[in-house]
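For ligands, and for the atoms within them, numbers begin at 1 and follow the listed sequence.
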Amino acid sequence: MLIESMTRKASIDLLKRARVARLGYIQDGQPYIVPMSFEYDVDYLYGFSTEGHKTTWMRANPRVCVEVDDLATTEKWETVIVLGQYEELPNTDEHEASRTHAHALMQKRPAWWEPGYVKAIVDGKERPLEAMYFRIRIAQITGRRGIPS
Ligand SMILES: Cc1cc2nc3c(=O)[nH]c(=O)nc-3n(C[C@H](O)[C@H](O)[C@H](O)COP(=O)(O)OP(=O)(O)OC[C@H]3O[C@@H](n4cnc5c(N)ncnc54)[C@H](O)[C@@H]3O)c2cc1C
């Protein structure tokens with residue numbers, strides 16, 4: 001197997017077609033990773049999130065990392081890593097245009113609001129149903145691919 005860098009365009013193509021991403025964030029030295037869905041559009045990844053652990057931590061430390069992959073076999077794969085800055089799009093006039101844009105991007109996916117906005121029972125208790133749009137301003141994209149020999 002050979003491993004090579006992906007071009008920026010090939011990396012963005014993977015970001016666009018990946019159905020699930022891993023969002024990494026950190027607070028007080030403790031790293032965390034959760035599966036999430038995103039839509040890529042010009043320098044940003046747009047998402048829709050429940051209020052919870054990850055939003056609290058990303059507010060405190062907005063430096064985040066996102067990984068997506070396409071793993072055909074252990075020798076044939078593509079992975080992309082994004083470093084960026086978490087930005088909330090709250091329900092205010094200032095963010096109205098960005099929220100509308102995020103909503104339009106997500107409409108491409110069926111049932112895009114799931115699982116960011118569904119009834120969730122955690123430790124026997126129903127979690128409050130609060131959700132919001134956010135985006136990640138992309139600072140760096142790198143891609144690697146494995147090529148079978
Ligand atoms: C394919 C896929 C796509 C998803 N897309 C989205 C999305 O677009 N938006 C969205 O908000 N959520 C999405 N989720 C759910 C997401 O992974 C989180 O489980 C959820 O958002 C709750 O996160 P939280 O930080 O609010 O956790 P809380 O409810 O605050 O949970 C607290 C604790 O629960 C544990 N926990 C939370 N989530 C998980 C998990 N997934 N697995 C194991 N332990 C966990 C952690 O230890 C965390 O500290 C997706 C999940 C999958 C599998």
Run the numbers for me: atoms of ligand 1, each under 4.0 Å from some heavy atom of V20, listed by number.
-> 1 (C)

Could you pull out all donor-acceptor pairs under 3.5 Å where a side-chain atom in residues 19-30 meets a protein atom, sequence neighbours excluded?
residue : atom : partner : partner atom : Å
Y25     : OH   : H53     : ND1          : 3.1
Q27     : OE1  : W57     : NE1          : 3.1

Is the distance between the ring centroids of Y86 and F134 less than 6.0 Å?
-> yes

Of H53, E39, M106, M36, the one whose closest heavy atom lies nearest atom 32 (C) of ligand 1 is H53

Per-residue contact class, T50 against ligand 1 - non-hydrogen pairs under 4.0 Å | both

Going by the order shown, which atoms of ligand 1 are within less than 4.0 Å of some heavy atom of G52?
-> 26 (O), 30 (O)

Which residue pairs pass the side chain to side chain donor-acceptor pair (under 3.5 Å) test when at least one of the two sits in residues 58-70, sequence neighbours left out?
-> R17-D70, E51-R59, R59-E88

Taking the six-membered ring for Trp and the full ring for Phe, Tyr or His, determine whether the centres of Y46 and H103 are under 6.0 Å apart.
-> no

Any atoms of ligand 1 less than 4.0 Å from a non-hydrogen atom of F48? List them with their elements.
-> 7 (C), 8 (O), 9 (N), 10 (C), 11 (O)

Do H95 and T92 have side-chain N/O donor and acceptor atoms under 3.5 Å apart?
-> yes

Are V66 and V34 connected, step by step, through hydrophobic side chains (Ile, Leu, Val, Met, Phe, Trp, Tyr) whose heavy atoms are closer than 4.5 Å?
-> yes

Contact check, Y32 vs ligand 1, heavy-atom distance below 4.0 Å | yes

Counting heavy atoms only, which of K54, R22, M132, M58 is nearest atom 21 (O) of ligand 1?
-> K54

